[in-house]
Amino acid sequence: MPSCHTGNYTSLLENEDLASLSDCQLKCGEKTWKLHKSIICIHSPFFLKALTGNFQEAKTGVVELDADQFSVDHVDCVIKAMYSQSLGHIGGLVASALGSEILETYDFCFRVWEVANFLGVEPLCASILRSLHNLNHTLVLQLRSNYNKKPDYPGAKFIDYLFNIAHMAYEDLPGAPSINGSRGGPRGVVIDLFSRAGYILTNNATVLQRMADFPDLACQVLRLSNMEKCTMGKSMWGGARSEKGSGSSPYLDYW
């Protein structure tokens, strides 16, 4: 959605003396933000519809988000991004995530993406995904470097990293869209990560065994690797089970 705002308006959020200028509120759990329709409605079609349509929120000026679905920290990050016109500290987190914080970084960014996607803040969604694709690239470069030095690489710790990231996208975010080969959403980030790693993963017996828990991911990775034969039959990944609610999933024949 195009925006006519080009400046940084975070002072409207941070300066209590300016709180009287707000004309709407957002609530999530115990947290309440005093916001401005002229800013949030330009960035979010969700807010535009809720605050200008024939809804209770338009009459009261109060919008509530389900605290069981979204956390205050992730909602706050999206709000600050709308007011600052930037990713803010998300970009910093992704840029520095090369150690023990890597899982937290993917999880945090996936969760912020989930909020932004729900609110329809498309530029923020796209920026988060671009940052994570760049992080994928860095991780795979490290993976290839270590693989060339250590025949038994990747080890159990790195494999756990990969599948924890996959679990976040495929199990922890039920609202995340299926991507059918595209680069959209958290699942697109995971498919990109596994596809970039390529033969390093497909040559690893542990990876192949654990892929049985993610048949849709396995199928997409094979397709993107130009191994497009995806039929019902014996799977190269083992006895793959179906995703929740998806019925029978494809098994993969691999030659």
Aromatic plane relationship, Phe70 with Phe118 - under 30° parallel, 30 to 60° tilted, over 60° perpendicular: tilted
Stepwise side chain to side chain contact (heavy atoms under 4.5 Å, CB included) check, Gln69 with Val115: CA-CA 9 Å; Gln69 182 177 1; Val115 177; over 6 Å; no
Minimum heavy-atom distance Gly120-Pro45, with the two atoms named: O-CD, 3.3 Å
Enclosure of Lys37 NZ (heavy-atom neighbours >12, cutoff 6.0 Å): yes
Any Ile159 side-chain heavy atom under 4.5 Å of Arg210 side chain: yes
Phe163 ring center within less than 6.0 Å of Phe194 ring center: yes
Hydrophobic cluster identity match, Leu141 and Leu201, side-chain contacts under 4.5 Å: no
Closest contact, heavy atoms only, Val75 versus Cys28: CG2-SG, 4.3 Å
pair Leu143-Arg196: side-chain heavy atoms closer than 4.5 Å: no
CG/Asn54: more than 12 non-hydrogen atoms of other groups inside 6.0 Å: no
Ile42 and Phe47: CA distance, side-chain angles, deciding distance, side chain to side chain contact (heavy atoms under 4.5 Å, CB included) verdict: CA-CA 9 Å; Ile42 283 177; Phe47 285 129; over 6 Å; no
Spacing of CZ belonging to Arg144 relative to CD1 belonging to Ile200, to within rounding of 0.5 Å: 6.0 Å
Residue pair Ala58 / Gly53: nearest heavy atoms and the distance that separates them: CB-O, 3.1 Å
Euclidean distance, Leu51 CG relative to Gln25 CD, rounded to 0.5 Å: 11.0 Å
Approximate separation, where rounding is to 0.5 Å, of Phe158 CZ and Asn204 CG: 11.0 Å
Non-hydrogen side-chain atoms of Thr206 and Met211 separated by less than 4.5 Å: no
Derivation and outcome, side chain to side chain contact (heavy atoms under 4.5 Å, CB included), residues Asp23 and Lys34: CA-CA 7 Å; Asp23 55 5; Lys34 295 182 178 180; over 6 Å; no
Nearest heavy-atom neighbours spanning Met82 and Val121: SD-CG2, 4.0 Å
Distance-only side-chain donor-acceptor flag, Asn136 / Tyr106, under 3.5 Å: yes
Pair Tyr83 + His43: ring centers closer than 6.0 Å: no
Flag side-chain contact, heavy atom, 4.5 Å: Tyr161 against Leu193: no
Steps toward side chain to side chain contact (heavy atoms under 4.5 Å, CB included) verdict (Asp172, Phe110): CA-CA 10 Å; Asp172 293 346; Phe110 283 167; over 6 Å; no
Linked, directly or transitively: Val72 and Val63 (ILVMFWY side chains, under 4.5 Å): yes
Phe108 and Trp113, any side-chain heavy atoms less than 4.5 Å apart: no
Minimum heavy-atom distance between His133 and Asp192, given as atom pair plus value: ND1-OD2, 3.0 Å
Separation of Cys24 SG from His36 NE2 (nearest 0.5 Å): 8.0 Å
Separation between SG of Cys109 and CG of Leu129, rounded to the nearest 0.5 Å: 9.5 Å
Val78 vs His74 side-chain heavy atoms within contact, under 4.5 Å: no
Test: Asp73 and Lys31 ion pair at under 4.0 Å: no
Lys/Arg cation over aromatic Tyr170: Arg187, 6.0 Å, 45° cone: yes
Spatial distance of atom OG (Ser145) from atom CD (Gln142) [nearest 0.5 Å]: 8.0 Å
Cluster check Leu26, Leu21: I/L/V/M/F/W/Y, side chain < 4.5 angstrom: yes
